Amino acid sequence: MLELILCSILTILPDYLYRRYAQGKRIGKEITLFSVWYELRWGITACVMLTVSLITVIFYFHPSTTSATLYYRTVPLVPETIGRVAEVNVDFSAPVKKGDVIFRLDSSKQEAAVKTAQRKIAEVDAQMVAAQSEVVKADAQIQEAKSSLRQATDELEVKRELQRRNPGIVPQRDIEKLEVVVTGRQGTLDAVTAAKQSAVIRTTTLLPAERDSAEAALAQAQVDLDKTSIRAGVDGRVEQFLLRPGDLVNPMIRSAGILIPEGAGRQALAAGFGQIEAQVMKVGMVAEATCISKPWTVIPMVITSVQDYIAAGQFRGGELLLEAQQTLRPGSILVLMEPIYKGGLDGVTPGSSCIANAYTSNHDLIDAKTTSSGLRIWLHAVDAVGIVHAMLLRIQALLLPVKTLVLSGH
């Protein structure tokens, strides 16, 4: 409507003034309802053409959208195991800090596993003390066996020396008995030496490995126990938390609640513009937005990101071929906007709907020496008509509360 009024001022109004004052024709006399078209046909035709051209230029170079929202990501509160709720530490809506326990599951089974692992470690430690005692005992037995072997060996050597000097003085039977005794005591020494090696291996290798396994089992049991305490991963706020003691929580079915991170939805505004504006939308463009949760306020913004892909064209590989006609609605160009001034989005509720405008600026191209005069005039005109969209946005900001509260059926 604003474009039509502007174009009619430039076309129909001069035509009417010429007919009225230059030709002396009067409304209701020479200019009637039936002669309006004939008398003002040139002005009406020029008005329609100029209006269509102006609207096309404005909406293409200064795009507008009503699909703008302060999106924010939520963190689902999902336990890693199935369990029954034993304790709830937050209300329906409450702030939480990172690491705070939100709720606990029944942990009797996990606590029993932790105690079993702890007792296993204590058992291995006791076995380690006993094995060290066996090593000491084996050392004493080795010393005893060595002494007995040396005594028998010395006695055998003496009798052999006597037999060598005076053959027949020592009975051969005694020498053979001593040889058997030496052999037996050597076997005893070998046995106690092997027993010591076994005790040392058990002390240095087997029992430490068993203790490591027990510590690993304790660590796993402690991890399982910690999983029964569901904690906040970030600072934020729990909303619509209806979990109560006695509820059965299954992570495969649904989450136990929602955690909204602190500051979520207060950094950037996501807006979807038409595909035809893909060549116009650029990072650094100045933009404006007005949101329903903060009426009568126009927020200066700047485009910080333009998504290179349109979500409507995505698909997942599978067992069915892609059918192009299934894409019924054309997708939009996703653009992220951030406020130019710090705190520009203060007071805007995350998730609220907004109206956004983006404005094309050709200042650098106009200042370029290689730009022709005709192109400069055209670029000036393109930049100038952006004020029409700026006026429309402000009118929408003024009428938005009226439209919402009065004209929406309340």
Side-chain angles (χ1 to χ4, degrees), residues 79-84 86-87 98-99 101 104-231 233:
E80 298 185 30
T81 58
I82 301 175
R84 194 167 295 278
E87 178 185 351
K98 182 178 179 180
V101 177
R104 298 181 188 273
L105 301 178
D106 181 31
S107 59
S108 56
K109 181 179 178 181
Q110 290 78 7
E111 290 175 354
V114 169
K115 292 181 179 179
T116 301
Q118 290 174 345
R119 291 172 181 173
K120 180 62 177 178
I121 293 177
E123 180 183 350
V124 173
D125 290 340
Q127 292 179 0
M128 180 70 73
V129 174
Q132 291 173 352
S133 300
E134 291 178 359
V135 172
V136 175
K137 179 181 178 181
D139 286 336
Q141 291 176 346
I142 288 174
Q143 293 297 328
E144 181 181 0
K146 286 182 178 180
S147 299
S148 298
L149 176 61
R150 180 171 293 279
Q151 181 181 0
T153 303
D154 292 344
E155 186 176 353
L156 177 61
E157 292 296 330
V158 168
K159 289 190 177 184
R160 282 178 176 176
E161 181 64 22
L162 292 174
Q163 179 68 13
R164 185 182 63 81
R165 293 180 180 181
N166 297 305
I169 193 173
V170 179
Q172 184 65 29
R173 181 62 179 169
D174 292 344
I175 294 176
E176 292 176 355
K177 286 182 179 180
L178 288 174
E179 290 177 349
V180 172
V181 171
V182 169
T183 303
R185 292 182 179 179
Q186 181 63 47
T188 302
L189 178 60
D190 294 339
V192 295
T193 302
K196 177 185 177 180
Q197 291 178 349
S198 177
V200 170
I201 292 174
R202 191 162 181 264
T203 304
T204 59
T205 304
L206 181 60
L207 291 179
E210 291 183 1
R211 195 178 196 283
D212 292 341
S213 299
E215 290 178 348
L218 176 60
Q220 181 62 44
Q222 186 63 47
V223 169
D224 294 337
L225 178 60
D226 293 339
K227 288 180 180 179
T228 61
S229 298
I230 288 75
R231 302 175 182 272

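Computed from a prediction, not measured in an experiment: that's the story for all the values here.
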In Å and rounded to the nearest 0.5 Å, what is the [atom1] to [atom2] distance from [X] to [Y]?
X	Y	atom1	atom2	result
Gln110	Lys227	CD	NZ	10.0 Å
Glu80	Thr228	CD	OG1	11.0 Å
Lys120	Glu123	NZ	CD	4.5 Å

When you look at Val200 and Gln197, which way does the side chain to side chain contact (heavy atoms under 4.5 Å, CB included) test go after all the steps?
CA-CA 5 Å; Val200 170; Gln197 291 178 349; 5.6 Å; no
Any non-hydrogen side-chain atom of [X] less than 4.5 Å from a side-chain atom of [Y]?
X	Y	value
Ile230	Leu105	yes
Arg119	Thr116	no
Gln222	Leu225	yes

Answer yes or no: does atom CD of Glu87 have more than 12 heavy-atom neighbours from other residues, nucleotides or ligands under 6.0 Å?
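For Glu87, atom CD is crowded (more than 12 foreign heavy atoms under 6.0 Å).
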I need the minimum non-hydrogen distance between [X] and [Y], along with the two atoms involved.
X	Y	answer
Leu218	Ile121	CD2-CD1, 3.6 Å
Ala214	Ala117	O-CB, 4.2 Å
Asp106	Ala86	N-CB, 3.9 Å

Under 3.5 Å, side-chain donor or acceptor atoms of residues 126-133 against the rest of the protein: list the pairs with distances, not counting sequence neighbours.
residue, atom, partner, partner atom, Å
Ser133, OG, Val129, O, 3.1

Between the main-chain N or O of Ala194 and the side-chain N or O of Ser198, is there a donor-acceptor pair closer than 3.5 Å?
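Pair absent, no side-chain N/O of Ser198 close to backbone of Ala194.
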Apply side chain to side chain donor-acceptor pair (under 3.5 Å) to Asp190 and list each qualifying residue two or more places apart in sequence or on a separate chain.
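Expected list: Gln186.
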Checking Asp139 against Gln143 for the side-chain hydrogen bond (donor to acceptor under 3.5 Å, both in side chains) test, could you report, in this order, the C-alpha distance in whole Å, the side-chain angles of both residues, the deciding distance, and whether it holds?
CA-CA 6 Å; Asp139 286 336; Gln143 293 297 328; over 6 Å; no
Using distance alone, with no hydrogens and no angle criterion, decide if Ser229 and Arg104 have a side-chain donor and acceptor under 3.5 Å apart.
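Distance-only check passes for Ser229 and Arg104.
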